[in-house]
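In what follows, a single structure is set out as structure tokens and then discussed.
Keep in mind it's a predicted model, so treat the numbers as computed, not measured.
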Amino acid sequence: MRIAILASGNGSNFEVIAQAIKEKKIPAELVLLFSDHRDAYVLERGEKFGVSCESFELKDFSDKQSYEAALLALLKKYQVELVVLAGYMRIIGKELLAAFPKRIVNIHPALLPNFPGLHGIKDAYEAGVKETGVTIHYVDSGVDTGPIIAQGKVKVAEEDDLADLEAKIHQLEHQLYPEVLAEIAKQNK
């Protein structure tokens with residue numbers, strides 16, 4: 001299975017997934033890393049793994065539809081079969097959804113349907129929940145509303161501050177995302 005990872009920032013989930021593919025824990029080929037920010041650190045991580053890295057920004061295009069058409073052309077060029085979002089901070093549009101039905105996977109740092117959107121960890125923390133976690137789901141036209149594939153939970157200790165909770169969430173993401181992607185890849189061999 002040919003995988004592309006889309007990311008916007010640091011890329012810690014990218015690195016964990018790339019390492020799992022390199023170690024053959026995920027039976028797939030990582031053919032592309034795309035970032036919508038040319039200066040994103042994830043691109044440096046991608047180069048270290050020898051992954052083809054591509055980047056362009058929405059501001060380079062007249063509208064989002066043109067941007068997505070260029071992204072779709074890139075995914076087709078690399079013959080991508082599964083799109084993995086790893087900190088990609090853009091809403092996926094209709095054209096990409098139509099081209100990759102149930103083949104775009106996202107990770108969200110909260111237990112959906114609770115706390116969708118950009119600030120899942122902070123929103124859960126500020127709500128005072130005793131438990132939160134990570135959701136991996138297929139992407140649909142809504143914001144964090146697609147069919148849930150897997151969830152993992154973490155306890156929020158009374159003494160946890162926001163940084164503590166973020167660390168727990170990221171640790172769980174780094175364990176759960178490769179496991180789920182391995183299962184998806186095995187099912188699609």
Side-chain angles (χ1 to χ4, degrees), residues 1-37 40-53 80-90 92 103-125 129-139 144 146-157 159-188:
M1 170 169 270
R2 295 173 64 85
I3 293 178
I5 296 179
L6 279 54
S8 296
N10 183 39
S12 64
N13 274 311
F14 162 80
E15 188 165 336
V16 169
I17 295 165
Q19 186 64 38
I21 290 171
K22 182 179 178 182
E23 294 172 0
K24 304 205 182 313
K25 293 177 182 173
I26 299 174
E29 183 181 1
L30 181 53
V31 297
L32 174 66
L33 167 62
F34 172 80
S35 180
D36 61 331
H37 294 288
Y41 183 66
V42 70
L43 294 169
E44 289 182 37
R45 291 181 192 248
E47 288 173 10
K48 289 177 188 172
F49 277 92
V51 175
S52 293
C53 297
V80 171
E81 297 170 289
L82 181 70
V83 177
V84 175
L85 307 182
Y88 184 69
M89 305 308 286
R90 296 215 171 274
I92 301 297
R103 290 186 294 135
I104 304 175
V105 179
N106 186 41
I107 188 163
H108 182 74
L111 294 175
L112 293 174
N114 298 318
F115 312 112
L118 282 176
H119 306 289
I121 300 172
K122 183 179 177 201
D123 292 345
Y125 180 77
V129 297
K130 301 293 181 213
E131 183 177 72
T132 186
V134 171
T135 302
I136 299 169
H137 65 95
Y138 289 109
V139 175
D144 297 322
I148 293 172
I149 302 166
Q151 291 184 311
K153 297 178 180 179
V154 297
K155 298 282 184 201
V156 182
E159 65 275 7
D160 284 347
D161 62 15
L162 182 57
D164 295 329
L165 183 56
E166 287 173 347
K168 287 181 180 181
I169 292 291
H170 295 312
Q171 182 178 8
L172 179 57
E173 286 177 341
H174 295 166
Q175 176 233 322
L176 189 61
Y177 214 2
E179 290 175 2
V180 169
L181 293 174
E183 280 304 309
I184 291 170
K186 286 175 191 169
Q187 292 170 6
N188 288 285

Name the atoms and distances for all side-chain donor-acceptor pairs under 3.5 Å in residues 179-188, with sequence neighbours left out.
unit_1 : atom_1 : unit_2 : atom_2 : d
E179   : OE1    : Q175   : NE2    : 3.3
E179   : OE2    : Q175   : NE2    : 3.0
N188   : ND2    : I184   : O      : 2.7

Give every donor-acceptor pair under 3.5 Å between a side-chain atom in residues 112-123 and any protein atom, sequence neighbours left out.
none

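Heavy atoms only, all atoms of each residue included: H174 and V16 are closest at O-CG1, 3.2 Å. Of all heavy-atom pairs between S8 and S35, the closest is CA-OG, 4.0 Å. The two residues D161 and Y125 come nearest to each other via the heavy atoms CA-OH, 3.4 Å.
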Going through the checks in order, is the side chain to side chain donor-acceptor pair (under 3.5 Å) test met by H170 and E173? CA-CA 5 Å; H170 295 312; E173 286 177 341; 3.0 Å; yes
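T135 contributes a side-chain N or O that, together with a main-chain N or O of A110, makes up a donor-acceptor pair within less than 3.5 Å. Looking at R90, its side chain never comes within 3.5 Å of a backbone N or O of D36 through a donor-acceptor pair.
Remark: R2 does not engage E81 in a salt bridge, criterion side-chain N to carboxylate O under 4.0 Å. By the 4.0 Å N-to-carboxylate-O rule, D160 lies close enough to K168 to be salt-bridged with it.
When each of N106, L85, I107, I104 is paired with H137, the side chain to side chain contact (heavy atoms under 4.5 Å, CB included) condition holds for N106 and for no other. For the pairing with Q151, the side chain to side chain contact (heavy atoms under 4.5 Å, CB included) check across L111, L172, L176 returns one residue only, L111.
The 12-atom threshold is exceeded at CD of Q19, counting heavy atoms of other residues, nucleotides or ligands nearer than 6.0 Å.
With sequence neighbours excluded, no residue forms a ring pair (Phe, Tyr, Trp, His ring centres under 6.0 Å) with Y88.
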